[in-house]
K.L.:
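Take a look at this one; I'll ask things after.
The figures that follow rest on heavy atoms only: side chains count, while hydrogens, waters and symmetry mates do not. Small disclaimer: the values here were computed from a predicted structure and weren't measured. In what follows, chains are A, B, ... by sequence order, proteins preceding strands, each numbered from 1.
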Amino acid sequence: MTPHAVVRAALLEAARAIGALADDVGFTLGPTRDPSHGDLATNLAMLLARQLGRPPRAVAAALRDALQLPPGFARKVEVAGPGFLNVFLEGEQVAAVLPEVLARGAAFGRSDAARGQRVNVEFVSANPTGPLHVGHGRGAALGDAIASLLQWTGAEAVREFYVNDAGVQIDRLAQSLWARIQQAAGRDAAIPEGGYQGAYLQELAARVLQAEGRGFADLPPDEGVRRCRTIGMLSQREEQDDDLRAFGVRYDVVSAESDLYAQDRIGPMLADLAARGHTFEADGALWLRTTAFGDDKDRVLRKSDGTFTYFVPDIAYHRDKHERGFTRAIDVWGADHHGYVARMRAAMRALGYGDEFFHAEIVQLVRVMRGGQEVRFSKRSGEFVTLRDLIDETGVDAARYFFLMRRGDAQFVFDIDLATSQTDDNPVFYVQMAHARLSGIFRVAGRAAETVAAAGADLAALTQPEETEMLKQIRAFPDVVARAAATLEPHRVTGFLEGLARLVHLWYHKYRVLGEPEEQPRLVLARAARQVLANGLAVLGIRAPERM
RNA sequence: GCGCCAGUAGCUCAGCUGGAUAGAGCGUCGGCCUCCGGAGCCGAAGGUCCCGCGUUCGAAUCGCGGCUGGCGCACCA
């Protein structure tokens with residue numbers, strides 16, 4: 001039982017003793033920011049003040065008097081501020097987290113807060129028409145980390161990529177590639193309106209001619225474009241997969257829009273909506289009455305020319321996720337798609353799904369800075385900075401960390417100079433260095449960290465303020481992970497890691513471990529802090545190096 | 001015009017299911033420095049939390065109104 005659980009139970013008991021009901025007031029009991037406020041603080045008295053009709057501080061004093069904690073558990077309990085109750089634990093209680101960290105090792109921080117959830121996390125899902133850009137990288141880092149966080153809290157999470165391989169964008173890719181092949185064969189040909197201008201198609205055109213022979217350019221245009229469709233799409237998919245692999249992302253499932261047609265997922269979906277009475281015909285088109293479910297205007301499903309809008313396969317795809325048994329479908333979308341959220345949510349409601357099922361996580365665009373200047377163009381893509389360019393320049397760890405250290409819905413400036421800097425200004429370096437530094441202690445000691453045991457070490461000797469703070473920070477890790485998972489906000493973990501790394505660096509500079517009287521307990525602390533740094537980085541898919 | 005998101009230190013941003021004196025890094029200023037691995041360490045200054053009204057014992061946090069910025073408002077994808 002953690003100190004937190006002991007105090008919580010004692011508070012509930014004390015509330016009953018003074019004639020109050022504390023079970024439903026939602027009081028907080030947590031670590032304090034200021035050490036002078038003790039180790040654990042609760043706002044319970046202030047919440048009970050109204051119920052009891054007494055001033056908060058009087059309630060707090062009554063609670064304190066009624067509070068029964070085990071002997072030797074707390075140094076003191078005091079009433080503070082407007083009515084907080086601050087608990088000062090005995091040193092061995094504060095240090096009690098250390099044996100727990102050592103015992104659980106790489107699993108410390110895992111919980112079952114989200115057990116039972118089956119979550120589909122769909123991210124990147126770029127059209128197979130060109131290289132991935134930095135915005136996709138941000139979506140990839142975020143989607144991957146969200147899936148990981150959910151798994152750390154006991155949920156089942158599937159990472160999924162959706163390929164739009166049936167729309168007009170693919171036609172444009174095919175026509176653009178065909179035009180590049182014609183150009184490569186020395187003929188006049190223009191990239192069609194709305195086509196893809198990037199240099200990558202010139203390179204691909206040259207490769208195609210090399211592989212298929214010069215005669216490929218002499219094919220009848222119909223057949224040439226048809227073959228370019230397949231060739232272009234497959235090659236772009238392959239490149240995207242390579243980039244994502246290089247970025248450390250592993251997908252469990254890749255779904256294709258074309259399969260929705262091939263496997264007849266469209267008709268039954270439309271029949272379902274019609275049976276529920278949410279579709280209607282007007283102006284020669286078939287509409288979905290999304291306004292009945294919170295959208296601004298009704299949306300067309302089948303255009304008057306008989307073809308479907310993009311909305312139709314998308315609804316069918318999400319219905320498919322539901323039928324595959326997922327309890328939640330989280331989509332990571334670029335900000336340019338945020339106007340699409342309301343109608344998709346409306347469609348999910350129209351299908352009778354609860355609002356907990358569908359969630360769109362919007363990722364704002366990324367700007368890239370280098371040398372104080374915005375980097376706008378990539379040689380390869382012709383228009384944007386590619387994910388590959390970024391990885392080549394900063395490395396995977398820095399790129400992932402930077403994408404994750406800000407909320408997804410905040411605009412973000414990626415500073416390449418900072419990300420590649422080997423100094424403490426660089427948060428990735430700072431956090432990884434903390435891990436490497438602690439590893440260095442064991443290296444110098446000539447023993448593996450895993451051989452350091454808590455048993456027999458006098459953990460109550462860890463009394464320095466920095467040590468107490470480290471213990472509190474380590475204790476908080478499982479809650480940080482759970483909160484980050486619940487809110488889908490990985491940046492809470494980077495913030496936590498920077499806080500712990502800062503304490504580690506402060507402690508390391510101020511105290512020695514080896515050869516000191518406190519060597520044993522400090523080795524235990526170092527091992528635990530190192531473990532928690534490694535676990536936090538693991539959640540985010542970032543390496544924890546032994547040395548820098 | 002309507003909708004979504006954001007507005008916190010000079011800069012980049014945390015903090016937002018309401019809690020104590022609003023935090024971090026960078027930058028600035030001052031001091032220190034050969035230590036288990038670093039261009040390192042210590043300290044200081046710096047804020048109308050966009051504005052106003054409201055709810056509350058208590059508001060950066062919740063509600064309403066306004067201002068500013070980004071994005072979106074197709075029988076496009």
K.L.:
For B/rA39, which nucleotide is its Watson-Crick or G-U wobble mate, given both distances must be under 3.5 Å?
P.N.:
none
K.L.:
Considering only B/rG25, B/rG38, B/rC36, which nucleotide approaches the side chain of A/R437 most closely?
P.N.:
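Of B/rG25, B/rG38, B/rC36, B/rG38 is nearest to the side chain of A/R437.
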K.L.:
Using a cut-off of 4.0 Å on non-hydrogen atoms, how would the nucleic acid contact of A/N43 be classed: base, sugar-phosphate, or nothing?
P.N.:
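Base, at least one base atom sits under 4.0 Å.
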K.L.:
Given that both distances must come in under 3.5 Å, which nucleotide forms a Watson-Crick or G-U wobble pair with B/rC16?
P.N.:
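Base partner found: none.
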K.L.:
May I ask you to say what A/N86 touches in the nucleic acid, namely base, sugar-phosphate or nothing, with a heavy-atom cut-off under 4.0 Å?
P.N.:
base
K.L.:
On RNA chain B, check which nucleotide each of A/E498 and A/Y511 is closest to and give me the residue with the more 5' one.
P.N.:
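Comparing both residues, the 5'-ward one is A/E498.
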K.L.:
Is A/R530 salt-bridged to A/E546, going by a charged N under 4.0 Å from an acidic O?
P.N.:
yes
K.L.:
By the 4.0 Å heavy-atom rule, please label A/L438 as base, sugar-phosphate, or nothing.
P.N.:
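Contact class for A/L438: none.
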K.L.:
How long is the line joining NE2 of A/H338 and P of B/rC71, in whole Å?
P.N.:
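After rounding, the gap between these two atoms is 10 Å.
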K.L.:
Which base sits across from B/rC26 as a Watson-Crick or G-U pair, both distances under 3.5 Å?
P.N.:
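Its partner is B/rG10.
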K.L.:
Step by step, work out the ring pair (Phe, Tyr, Trp, His ring centres under 6.0 Å) result for A/F161 and A/F123.
P.N.:
CA-CA 6 Å; A/F161 188 107; A/F123 53 100; 8.3 Å; no
K.L.:
Whole angstrom is fine here: how far is it from CG in A/D336 over to C1' in B/rA74?
P.N.:
15 Å
K.L.:
What is the distance, to the nearest angstrom, from the CD atom on A/E516 to the P atom on B/rC35?
P.N.:
16 Å
K.L.:
Whole angstrom is fine here: how far is it from OH in A/Y196 over to P in B/rA77?
P.N.:
12 Å
K.L.:
Check this for me, if you would: do A/E78 and A/R64 make a salt bridge, where the nitrogen-to-carboxylate-oxygen distance has to be below 4.0 angstrom?
P.N.:
no
K.L.:
Starting at the 5' end of nucleotides 10-17 of chain B, put B wherever the base has a protein heavy atom under 4.0 Å, S where only the sugar-phosphate does, and a dash everywhere else.
P.N.:
--BSSSBB
K.L.:
Base, sugar-phosphate, or nothing: which does A/Y508 touch, judged by heavy atoms less than 4.0 Å apart?
P.N.:
base
K.L.:
Side chain of A/H37 only, heavy atoms from C-beta on: which candidate in B/rA20, B/rC42, B/rC75 is closest?
P.N.:
B/rA20
K.L.:
Taking A/T129's backbone N and O only, do any of them form a donor-acceptor pair with A/N127's side chain (distance below 3.5 Å, no angle check)?
P.N.:
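No: the side chain of A/N127 does not pair with the backbone of A/T129.
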K.L.:
Does A/T309 reach a base, just sugar-phosphate, or nothing at all? Heavy atoms under 4.0 Å.
P.N.:
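Sugar-phosphate contact only.
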K.L.:
Measure up the A/H337 and A/Y340 rings against each other and bin them: parallel (under 30°), tilted (30 to 60°), perpendicular (over 60°).
P.N.:
perpendicular
K.L.:
Is it the case that the ring center of A/F496 lies less than 6.0 angstrom away from the ring center of A/F477?
P.N.:
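They qualify: ring centres under 6.0 Å apart.
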K.L.:
Answer with base, sugar-phosphate or nothing: what part of the nucleic acid does A/A41 contact at a heavy-atom distance below 4.0 Å?
P.N.:
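The residue A/A41 makes base contact.
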K.L.:
Regarding A/V168, tell me which of base, sugar-phosphate or nothing describes its non-hydrogen contacts under 4.0 Å with the strands shown.
P.N.:
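Result for A/V168 = sugar-phosphate.
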K.L.:
Base, sugar-phosphate alone, or nothing: which one does A/D415 contact when heavy atoms must sit under 4.0 Å apart?
P.N.:
nothing
K.L.:
Report the distance from atom CG of A/D296 to atom P of B/rC2, rounded to the nearest whole Å.
P.N.:
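The distance from CG of A/D296 to P of B/rC2 comes to 12 Å, rounded to the nearest Å.
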K.L.:
What's the OH-P distance between A/Y430 and B/rG37, to the nearest Å?
P.N.:
18 Å
K.L.:
Can you measure A/R302 atom CZ to B/rC75 atom C1' for me and round it to whole angstrom units?
P.N.:
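For the pair A/R302 CZ and B/rC75 C1', the rounded distance is 11 Å.
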K.L.:
Nearest to the A/Y340 side chain among B/rA77, B/rC75, B/rG38, which nucleotide is it?
P.N.:
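Closest of the options to the side chain of A/Y340: B/rA77.
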K.L.:
Taking only side-chain N and O atoms of A/K303, does any of them lie within less than 4.0 angstrom of OP1 or OP2 on B/rC76?
P.N.:
yes
K.L.:
Would you sort out whether A/R522 and A/E519 count as a salt bridge (Lys or Arg N to Asp or Glu O under 4.0 Å), showing the intermediate values?
P.N.:
CA-CA 5 Å; A/R522 282 184 180 161; A/E519 174 172 318; over 6 Å; no
K.L.:
Restricting to pairs with a member in residues 419-443 of chain A, which pass ring-ring contact (aromatic ring centres under 6.0 Å, His included), not counting sequence neighbours?
P.N.:
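Every pair satisfying ring-ring contact (aromatic ring centres under 6.0 Å, His included) with a residue in residues 419-443 of chain A: A/Y430-A/H505.
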K.L.:
Would one find a side-chain N or O of A/K297 under 4.0 angstrom from OP1 or OP2 of B/rA74?
P.N.:
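So the side-chain polar atoms of A/K297 do come within 4.0 Å of the phosphate oxygens OP1 or OP2 of B/rA74, strictly under.
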K.L.:
Can the positive tip of A/R289 be found less than 6.0 Å from the middle of the six-membered ring of A/F280, inside 45° of the ring normal?
P.N.:
yes
K.L.:
For B/rA77, does either OP1 or OP2 sit under 4.0 Å from a side-chain N or O belonging to A/R172?
P.N.:
no
K.L.:
Base, sugar-phosphate or nothing for A/A285? Non-hydrogen atoms, less than 4.0 Å.
P.N.:
base
K.L.:
B/rC36, B/rA77, B/rC75: which one has an atom nearest the side-chain heavy atoms of A/R512?
P.N.:
B/rC36
K.L.:
So, under a plain 3.5 Å distance rule, would you say the side chain of A/R443 forms a donor-acceptor pair with the base of B/rG37?
P.N.:
yes
K.L.:
Is A/K510 near enough to B/rC35 that one of its side-chain N or O atoms lies under 4.0 angstrom from OP1 or OP2?
P.N.:
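Looking at the OP1 and OP2 atoms of B/rC35, neither is under 4.0 Å from any side-chain N or O of A/K510.
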